[in-house]
> 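The structure is given below, and queries will be raised subsequently.
These values consider heavy atoms only, across backbone and side chains, with no hydrogens, waters or symmetry-generated copies. Every value quoted in this text rests on a predicted model; they were computed, and no experiment measured them.
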Amino acid sequence: MLTFEGSFYSSFVKILYHKKALSEYLASFRREGKHIGLVPTMGALHAGHLSLLNYIKEYCDISVCSIFVNPTQFNDPEDLEKYPRPIQQDLKLLEEIGCDVVFIPAVEEMYGEGEEWTIELGRLDQVLEGALRPGHYQGVTQIVKKLFDVVKPDVACFGQKDYQQFLVVEKMVEIYSLDIDLIMCPTLREADGLAMSSRNVRLSPKGRQQALAIVKTLIGFQETYLDLGLGEARDQAIRKLTESEGLTLEYFEVCEPQTLRTVHSAKKGDQLVVLVAAWVDGVRLIDNIILGQSV
Ligand code: AMP
């Protein structure tokens, strides 16, 4: 069913595999003055991804979802290899929510031989995820720029779940002066608070429970930092996560929301973002909260 250009999984979703076919298909809508929205994903879709698409569906005429496990943003070959790719299930979900276009390119469609890419992202590429996953944001910006060039969206949605990624894409859009509205959508969580992630399926039942320490600690921090003071609340959070069974903490940082500079004190009303990365069951999990917002 998914073998030739323009084949339909259902009567609603247009599935395209090639850049040329996609840009030609979208050009006809653009000529009619239709607004096009894009949600770039790596597939293994969950309700978090679908919430981004629902936003696009509400505010744009044509919703485009790309599914591409982008090799250049993986600094860990095992993570790339183990990344889930349930494409039939993804297409079913996209059909159910009424997504208009799905772009599923092969690696060769997106990358030429020996292609290079460098963009100056400054400290955003040097702290937190940038520091711990060297080259990750170069790979992210490389593929997002390619997707933006093909789709030419009016709007693109990204999740707060990947907070630093949003800032990086924002910076890239500024560098290239792209006329695209970027929207950050809230993190969708499981009923018990765990941030939804395609990687969660790799957690064992026990690991799944242990991973809850991340969101619990974020909430605990949010509830106490004004009374305890930021330094003490941060120390407590780090102690809690470090002592958490089955979990290996990479960072717990309280930062300015735009620069991601570490913050050492805070008063009520300050806009801050608290970011965490930790390993559970050999799976790297990230989460964050913006202080003042409910989790
Ligand atoms: P990914 O497939 O992991 O590259 O994610 C594609 C998009 O979905 C990114 O903009 C993510 O930030 C967003 N996303 C991932 N998980 C969630 C979530 N739990 N809630 C909201 N958006 C999410």
> Examine distances only and state if a side-chain atom of Glu253 and a backbone atom of Val263 form a donor-acceptor pair shorter than 3.5 Å.
no

> Before accepting this row, confirm whether a basic side-chain N of the pair Lys82/Asp76 lies closer than 4.0 Å to the acidic partner's carboxylate O.
no

> Under 3.5 Å, is there a donor-acceptor pair between the side chain of Asp181 and the main chain of Val155?
no

> Closest approach of Tyr137 and Leu124, non-hydrogen atoms and distance?
CD1-O, 3.9 Å

> Cut-off 3.5 Å, side chains only: do Trp117 and Thr72 have a donor facing an acceptor?
no

> Taking Lys92 as the fixed residue, which of Glu95, Gln88, Glu96 is the one that meets the side-chain hydrogen bond (donor to acceptor under 3.5 Å, both in side chains) rule?
Glu96

> Check this for me: does any side-chain nitrogen of one of Lys145 and Asp149 sit under 4.0 Å from a carboxylate oxygen of the other?
yes

> Any donor and acceptor pair, going by atom type alone, linking the side chain of Gln222 with main-chain N or O of Ile289 inside 3.5 Å?
no

> Run the ring-ring contact (aromatic ring centres under 6.0 Å, His included) test on Phe68 and Phe103 for me, step by step, so that the C-alpha distance in whole Å, both residues' side-chain angles and the decisive distance to 0.1 Å come before the verdict.
CA-CA 8 Å; Phe68 182 65; Phe103 180 47; 8.2 Å; no

> Any sub-3.5 Å donor-acceptor pair from His136's side-chain atoms to Gln73's backbone N or O?
yes

> Arg284 side chain to Gly282 main-chain N or O, any donor-acceptor pair under 3.5 Å?
no

> Decide if the gap between the ring center of Phe221 and the ring center of Phe252 is smaller than 6.0 angstrom.
yes

> Charged N to carboxylate O under 4.0 angstrom, Glu243 versus Arg239?
no

